[in-house]
Structures are given as structure tokens and as C-alpha cells.
Amino acid sequence: MKSVSRIVRSLPLLTLIFVLGFSLVYALAWIQLYFQPHPYRTASEWIFANIPQGSVLAGPHWDDRLPISIPGKDAPRYFVMEGKDAELPFYERDTREKLNIVVRRMAKADYIIFPTGRIADSIPRVPEEYPYTNALLQLLWAEKLGFTFEKAIKDRPTFLGFTFNDDLADESLSVYDHPKAVVFKNKERLTEEQMRERIFNVKRYEPVPDINEMLLMDEGGWAATATVYDPNPRRLVVTFALLVALGVSAWILFGPFLTFLPDRGLGLGFVSGVLLSGGLTWGAAALHILPFNAISAAMFVGLVLAAALIRFGSSRGVRGCCGDAVLRHGANVLLCLFAGVAIVLATKALYPSYFWGSGDFERYALAFFSRNESVPPAAGWSPSPESS
């Protein structure tokens, strides 16, 4: 009975450990997205490097078009990608006339490029409304319409060697700041009649992927997402060391003033360290002092660490306060941090395709600012400065 009572009393603490630990790990994984090039830029660079100049590129209507122009490469002049013949009207009401238009344009295209997962994540949900288009998409992803699955470009939230696979999440979570772009190559050059025959008789060509398999596909040959946990021991050590260093540094700077807290704020140090260095980076960008990029962030991280080191070395009282807090509460603080990471790792091992979170406007709004190198941004609403 004593053991049960002890466990019951520990439930609030365990819940707090789970919520704070998971939130911190996921937040740090998410933040890393904003220090990577936008997938549109990455996809465009790959397209310019791997698709011959003059190729005919088709894509879905009511969506962005790839590639975007990059320095030295003007996409509309480099490829044939403008005009009605380059648009595939997937969302139009399903009729034989619409299907004829789609397969005719597909037959003329050298490549089909989906800049986001919007099409694959919507039309297959209502197959009774889009019987032809749904069959077309399933056959396309199964590489049974003459096109091969050439390339998928996607950034996923990553931290400490494991990745949060949000390919199945609501589009508002990913489609604006880290969309998944997919490139298909017209390899077999099927005729319009051959495509129509396969679409009308899709059951003859089964198996074909379902909606989740299409969204999770990262490679050709109908291969769903591979194992997303690929730990890098060196990166694990470096990331943990940086996180601990920032946490301790923030506490050295502010902790001695938080006498009203039992641990003098040591438990808040890890979050405070990230917020402090990140806030300084954003502030400098807002004042047009520095651009918002990884170099500026690294500079402010170094500034926080240096300021804490100077304060620690110059104040005996701070050293004494720090030692006392670490001896009393340091083990519990580190336990919370490692517990959060362990919970995430265990969940990823049991549910590798589980998607995390829901779509909040505020999340992808952050990308708007971070894709521009000034705050407030100079460009209008766009996922990257190059695409505006």
C-alpha cells in the first residue's frame, strides 16, 4: 500500500516531467527547421542540377510551382513550365473530359512536380467524388503510369538524432514552412490511351498505395518512410552539452535573483537559455542590426556563454549559490531532461509513423519571419524570400 500511495503522490510530478520534457525536446527539434533552407529552395537547386534545361514541367493547379528562380537561374526561362498545358486541374469536378485534359498534359510532360502534399492528402479522402483522379494518383505513386518516383524533398523536425515524422499531420502544420515536394519523371512515355486504360481498370494494376502510404513515401518503388531514428553519438553529445551549457549559463545570469523559488529557477534554466539566445537573435534582427540566420544565432549563444562565465568567475556569491542549487536540485533537473528524451525515444520506437501535434496558424507564421533576414520582414507573405 505504501508503494501505491507513493506512486499516486508522484503522478503530478511524472505528468509535469512528461509535459515539460516532451515540449522542450519537440520545441528544439522544431526550431531547427528555421535554420535550414526552405524545401522550395532545396528542391529548386536539385531540379536545376538534375533536370535538363528545356524540360517540360507540369504541376497541380491551385498550388505553388517548382522550381522557384534562384540566383543565376530564372526558372521560366530555364524550363517550359508556364501556361495551361503545364497545369494539371486535379481539383476540377471529375468527368471524362477533365481526365482527357489531365492525361494529355501528363503525356506531354517530362516531369510532374508536386510542391506540397495537398493533392495526395485531399483527393484520396473522397474517392467517390474523384474516382478517376484518385485512381490516377494511386497509379502515379505506384509507378504504374509510366512515371518513376524520382525524388522527395522534405525537412522534418529533428533533434538528438531522431526525427518527428509529421507527413501525416494536417497540412497547416507543415505545408507552409516545411512542405514535402515530390518529383516524378516520365520514363515510359505512355500514350493518353494507355494511361486512360489503366485508370479505368485500376483494379487490374493493384496493389496500389493508400493515402497514408502515398504521404509517407520517401523513395521510388513504393517504399514507405524508412526508420526515422538514426542516432549520431557525436551529435547527441554535442547537442546535450550545448543545451546544458545554455541552461546553466542562463541560470548563472538570473538564478541568484530568483530567491522566491525553491531551486532558484535552476529547473527553468534549460528553457531560459534557449529563449535568451533566441530572443537576442530576434531582437537584433528586429532592430536591423543583424540578419536572422544561423551565424547570428551562434554569435549570441557564444555571448550568453561568455557573459555567464565572466559573472561566475567574478562573483564568489554566485559561485556559492550555484554550487548549493546544483547539489540540492541538479540531479532532479537532469532527470527531467533525460526523462523527456527517453519518453520521446520510446514513443518513436513504438509508433514510428505517428504524427505529432496539430495545425496552428501561429506555428507556421514563425517561418514567415525566419525565412526573411530582417524583422519585420521586407518581403510579403511567402515561405521563402526567393519565391516572392
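- Counting only residues at least two apart or on different chains, no salt bridge (charged side-chain N to carboxylate O under 4.0 Å, His left out) pair has a member in residues 288-313.
- When side chains are defined from C-beta on, P157 counts as touching H178, because their heavy atoms get closer than 4.5 Å.
- Annotation: side chain of F312 is not in contact with side chain of V248 (no heavy-atom distance under 4.5 Å).
- In this structure, F79 CZ and R65 CZ are separated by 12.0 Å, a value rounded to the nearest 0.5 Å.
- Among residues at least two apart or in separate chains, ring-ring contact (aromatic ring centres under 6.0 Å, His included) pairs with a member in residues 193-218 are Y132-F200.
- A search for salt bridge (charged side-chain N to carboxylate O under 4.0 Å, His left out) contacts involving E193 returns R196, not counting sequence neighbours.
- Taking the six-membered ring for Trp, F147 and W141 have ring centres at least 6.0 Å apart.
- Applying the side chain to side chain donor-acceptor pair (under 3.5 Å) criterion to T281, with sequence neighbours excluded, gives no partner residue.
- Looking at K154 and D166, their side chains come closer than 4.5 Å, going by heavy atoms from C-beta outward.
- If you take CG on N134 and CG on D210, they are separated by 10.5 Å, rounding to the nearest 0.5 Å.
- Among the candidates V208, I211, I199, the single residue satisfying the side-chain contact (heavy atoms from CB on, under 4.5 Å) test with Q138 is V208.
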Assess whether side-chain contact (heavy atoms from CB on, under 4.5 Å) is satisfied between F114 and L140, documenting all intermediate values. CA-CA 12 Å; F114 293 84; L140 181 62; 3.8 Å; yes
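- For E197, the salt bridge (charged side-chain N to carboxylate O under 4.0 Å, His left out) partners two or more places apart in sequence, or in a different chain, are R204.
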Indicate every side-chain donor-acceptor pair of residues 46-59 with a distance under 3.5 Å to a residue at least two apart or in another chain.
unit_1: N50; atom_1: ND2; unit_2: W46; atom_2: O; d: 2.8
unit_1: S55; atom_1: OG; unit_2: P52; atom_2: O; d: 2.7

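- Between L190 and G146, the shortest heavy-atom distance links the atoms CD1-N, 3.6 Å.
- Partners of R118 under the salt bridge (charged side-chain N to carboxylate O under 4.0 Å, His left out) rule, at least two apart in sequence or in another chain, are D63, E171.
- Closest heavy-atom contact between S44 and I68: OG-N, 2.8 Å.
- Contact annotation: the side chain of V102 approaches that of M106 to within less than 4.5 Å [non-hydrogen atoms, C-beta and beyond].
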L145 and E188: CA distance, side-chain angles, deciding distance, side-chain contact (heavy atoms from CB on, under 4.5 Å) verdict: CA-CA 8 Å; L145 272 186; E188 296 182 30; over 6 Å; no
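- Within a 6.0 Å radius of NZ in K185, other residues, nucleotides and ligands contribute 12 heavy atoms or fewer.
- L290 is listed as a side-chain neighbour of M299, based on a closest heavy-atom distance under 4.5 Å.
- Remark: K180 does not engage D121 in a salt bridge, criterion side-chain N to carboxylate O under 4.0 Å.
- Between M214 atom CE and I119 atom CD1 the span is 9.5 Å, to the nearest 0.5 Å.
- Residues H61 and L88 have side chains not in contact (no heavy-atom distance under 4.5 Å, counting atoms from C-beta outward).
- Scanning for salt bridge (charged side-chain N to carboxylate O under 4.0 Å, His left out) contacts around R77 gives D74, with sequence neighbours left out.
- Using the six-membered ring where Trp is involved, H38 and Y40 have ring planes that are perpendicular, over 60° apart on the 30 and 60° scheme.
- Not counting sequence neighbours, the partners of R93 by the side chain to side chain contact (heavy atoms under 4.5 Å, CB included) test are T95.
- Side-chain rings of F164 and Y26 approach one another, their centers coming within less than 6.0 Å.
- In this structure, I112 CD1 and F149 CZ are separated by 12.5 Å, a value rounded to the nearest 0.5 Å.
- F184 is not listed as a side-chain neighbour of E150, based on a closest heavy-atom distance of 4.5 Å or more.
- For R156 and D167, the salt-bridge test passes: some basic side-chain N is under 4.0 Å from an acidic carboxylate O.
- At a threshold of 4.0 Å, the pair R189-D110 counts as salt-bridged, since one of the basic side-chain nitrogens sits closer than that to a carboxylate oxygen.
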For S122 and F90: C-alpha separation, side-chain torsions, deciding distance, then whether side-chain contact (heavy atoms from CB on, under 4.5 Å) applies. CA-CA 11 Å; S122 57; F90 291 124; over 6 Å; no
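- Although no hydrogens or angles enter the test, the distance criterion places no donor-acceptor pair under 3.5 Å between the side chain of Y111 and the main chain of N186.
- Through direct or indirect side-chain contacts shorter than 4.5 Å among Ile, Leu, Val, Met, Phe, Trp and Tyr, I101 is connected to no other residue.
- Contact check for P115 versus P60: side-chain heavy atoms found under the 4.5 Å cut-off.
- Annotation for I295: atom CD1 does not count as buried by contact number, only 12 or fewer foreign heavy atoms lying within 6.0 Å.
- Minimum heavy-atom separation, P207 to K144: O-NZ, 2.8 Å.
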Can K98 and T133 be said to form a side chain to side chain donor-acceptor pair (under 3.5 Å), step by step? CA-CA 9 Å; K98 167 208 167 172; T133 307; 2.7 Å; yes
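- No continuous path of ILVMFWY side-chain contacts below 4.5 Å connects L309 to L303, so the two sit in separate hydrophobic clusters.
- Residues meeting the side chain to side chain contact (heavy atoms under 4.5 Å, CB included) test with A250, sequence neighbours left out: S272.
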Does D85 form a side-chain contact (heavy atoms from CB on, under 4.5 Å) with R104? I'd like the steps, not just the answer. CA-CA 9 Å; D85 284 343; R104 181 170 65 250; 5.9 Å; no
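- What you find for A308 and I252 is that their closest heavy atoms are O-CG2, 3.6 Å.
- Taking L280 as the reference, L276, F300, V304 meet the side chain to side chain contact (heavy atoms under 4.5 Å, CB included) condition, with sequence neighbours excluded.
- Of the possible polar contacts, one joining the S69 side chain to the A75 backbone as a donor-acceptor pair under 3.5 Å is found.
- Side-chain atoms of R105 do not come within 3.5 Å of backbone N or O of N100 as any donor-acceptor pair.
- L168 contributes atom CG, which lies 4.0 Å from atom CG of L216 (distance to the nearest 0.5 angstrom).
- Between the side chain of Q194 and the main chain of T191, a donor-acceptor pair closer than 3.5 Å is present.
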